[in-house]
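Because the structure is predicted, anything quoted here is derived from the model rather than measured. Just so it is clear: chains get the letters A, B, ... in the order the sequence lines come, proteins before strands, and each one is counted from 1.
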2 protein chains.
Amino acid sequence: MSLNNTDRRIRRTKQMIRDALTELMEDVGFDAITVRDLTEKADINRGTFYLHYKDKFDLLEQCEREVLDELAQVQGHVEGLQLENFYEHFNRGEPLPFIVKLFEYLKENGAFMRVILGPKGDPLFQVKLKEMLAEHLLKHMVKKARIEMAVPFDYFKAYVISAHLGVIQEWLFSGMKESPKEIAMTAFKLTFLGPRRAAGLISDEQNEKTSP
Amino acid sequence: MSLNNTDRRIRRTKQMIRDALTELMEDVGFDAITVRDLTEKADINRGTFYLHYKDKFDLLEQCEREVLDELAQVQGHVEGLQLENFYEHFNRGEPLPFIVKLFEYLKENGAFMRVILGPKGDPLFQVKLKEMLAEHLLKHMVKKARIEMAVPFDYFKAYVISAHLGVIQEWLFSGMKESPKEIAMTAFKLTFLGPRRAAGLISDEQNEKTSP
DNA sequence: TTCATTATTGAACAGACTGTTGATTAGTTG
DNA sequence: CAACTAATCAACAGTCTGTTCAATAATGAA
């Protein structure tokens, strides 16, 4: 069976290539990378690359898939930790466990995540990550029936999910100073209270008229 | 002077190339495009391409810069239309004029904007667009002094700006069904009321406790 | 219209990268 | 140790790049 990943040589080679990919993407961006660059930086024969990957796009795709799979697994580990609803979590001052786990994972894989979600990254990965976020976030938020004068649901969804991605990016690129729990709580407040209340631009009591 | 863009041949050639770029990006993505592809689709000599652009990246950059410059000009045309503040606009049921103009411009250049902001697009352009959005959006929102237990400003900023980009993308990719004014109002509501209130997931009166 | 200017063309060039092959060497598992 | 198989090295044709040159065509100004 050649499908087994048990051979130390294979693991080593793949790791070298992936590390090289991360480094090179940081430096010059994915576009400018050649298979030659990758194998030179990884210090392996160029032919060896093609033993494992079809081309550089295949390499990127495999790396991305791995990240997404691992993120999906994370979700499995927090099923038990969820309270009944969104609201209850907030009132205890606790962020959603899933989001905390998400930020913990991002921190572990900081180097790759920074590159792939950065200005030289892959917009397709952003789309995939947003799909995953949507799946796990929205089920906590949409328990109650909807009322009057509502914004279309798809735009609510796009708004919230994109906003969360924005927080993730800001966190990654500003050096991940806050703990996963803190930053998860920040994201939570922004959505739960709305950005203006969360940022303290209006107080809780001082209700602006919302008539029209 | 060869810097003049008055020569009809130059204008024609550049336009052919740019159209080819948009079409090809839609089909195969920027990565997979060669200068050969571009010039064949544009039906011009390959050497001619290099008379105007350094390489395909230079082409993309020039196209992006042009869009951003035009968007910046749009801002100039609405200076007079702004009310004193954010709050007043909302209470009249009117979105910010700048955002309306933004969506109008996006609609005019729909084809290119869809590609560049899509899964095969350019993440660097997203960053630049967000910078522009930040500049024009935030000055309307941050009039009042900030209060207690606030989320860090940078995260508020990242949240709101990213969220707006999300609405833009959702609108572009779902066929731009709403009018620029409608969709601008949708984005406005989501930020002004907060996403949950805007989507009707909680009512205005029914204030959830926000104690912790 | 004429004329000087200049954008475009077509062909050719070396250089680089790709993806594949075959024979050989080296490392791994049991 | 022995069988297996991953990694290496060299070489291949094919494609794309970026540049150059002389020849041609289109343009704007007088």
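With hydrogens and angles left out, the side chain of Arg46(A) and the base of dG19(C) share a donor-acceptor pair within 3.5 Å. Within 3.5 Å, no donor on the side chain of Arg9(A) pairs with an acceptor on the base of dA7(D), nor the reverse.
Atoms CE (Met16(B)) and P (dT8(C)) sit 11 Å apart, rounded to a whole Å. What separates CZ of Arg12(A) from P of dT29(C) is a distance of 13 Å, to the nearest Å. The distance between atom CD of Gln15(B) and atom P of dA7(C), rounded to the nearest whole Å, is 18 Å. Atom P of nucleotide dT27(D) and atom CZ of Arg8(B) are separated by 5 Å, given to the nearest angstrom. We find that NZ of Lys54(A) is positioned 13 Å from P of dT18(C), with the value rounded to whole Å. Following rounding to the nearest Å, Asn45(B) (CG) and dT8(C) (P) show an atom-to-atom distance of 10 Å. If you take CG of Asp58(B) and P of dT17(D), they are 14 Å apart, rounded to a whole angstrom. Atoms CG (Asp55(B)) and C1' (dG18(D)) sit 10 Å apart, rounded to a whole Å.
When the side chain to side chain donor-acceptor pair (under 3.5 Å) test is applied to Gln126(B), no partner is found at least two apart in sequence or on another chain. Scanning for side chain to side chain donor-acceptor pair (under 3.5 Å) contacts around Glu61(B) gives an empty result, with sequence neighbours left out. For Gln15(B), the side chain to side chain donor-acceptor pair (under 3.5 Å) partners are Asp19(B), not counting sequence neighbours.
Between Phe156(B) and Phe153(B), the distance separating the two ring centers is shorter than 6.0 angstrom.
For the OP1/OP2 pair of dA6(D) and a distance below 4.0 Å, the side-chain nitrogens and oxygens of His52(A) include no atom meeting the criterion. OP1 or OP2 of dG19(C) has at least one side-chain nitrogen or oxygen of Tyr50(A) nearer than 4.0 Å.
Across dA6(D), dT8(C), dT9(C), the shortest atom-to-atom separation from the side chain of Thr13(B) is found for dT8(C).
Remark: Glu94(A) engages Lys181(A) in a salt bridge, criterion side-chain N to carboxylate O under 4.0 Å. Checked for salt-bridge contact, Glu88(A) and Arg92(A) meet the test: a charged N lies under 4.0 Å from a carboxylate O. Glu66(A) and Lys14(A) are not joined by a salt bridge, as no carboxylate oxygen comes within less than 4.0 angstrom of a charged side-chain nitrogen.
With contacts defined as side-chain heavy-atom distances shorter than 4.5 Å, the pair Pro123(B)/Phe125(A) does not qualify. Contact annotation: the side chain of Leu38(B) approaches that of Leu59(B) to within less than 4.5 Å [non-hydrogen atoms, C-beta and beyond]. Taking 4.5 Å as the limit, some side-chain heavy atom of Trp171(B) sits within range of a side-chain heavy atom of Lys107(B).
Side-chain atoms of Tyr105(A) and Glu70(A) include a donor-acceptor pair closer than 3.5 Å.
When heavy atoms are screened at a 4.0 angstrom cut-off, Leu51(B) is found touching base atoms of the nucleic acid.
Annotation: the terminal axes of the helix from dT1(C)-dA30(D) to dA12(C)-dT19(D) meet at 30°, where each axis is the rotation carrying the C1' atoms of four end pairs onto the next four (5 pairs per end, rounded to 10°). One end of the helix from dA14(C)-dT17(D) to dG30(C)-dC1(D) points its axis 30° away from the other end's axis, with each axis taken from 5 pairs and the angle rounded to 10°.
No more than 12 heavy-atom neighbours from other residues, nucleotides or ligands sit within 6.0 angstrom of NZ on Lys101(A).
Across residues 23-36 of chain A, Thr34(A), Val35(A), Arg36(A) each have a non-hydrogen atom less than 4.0 Å from an atom of DNA chain C (numbered order).
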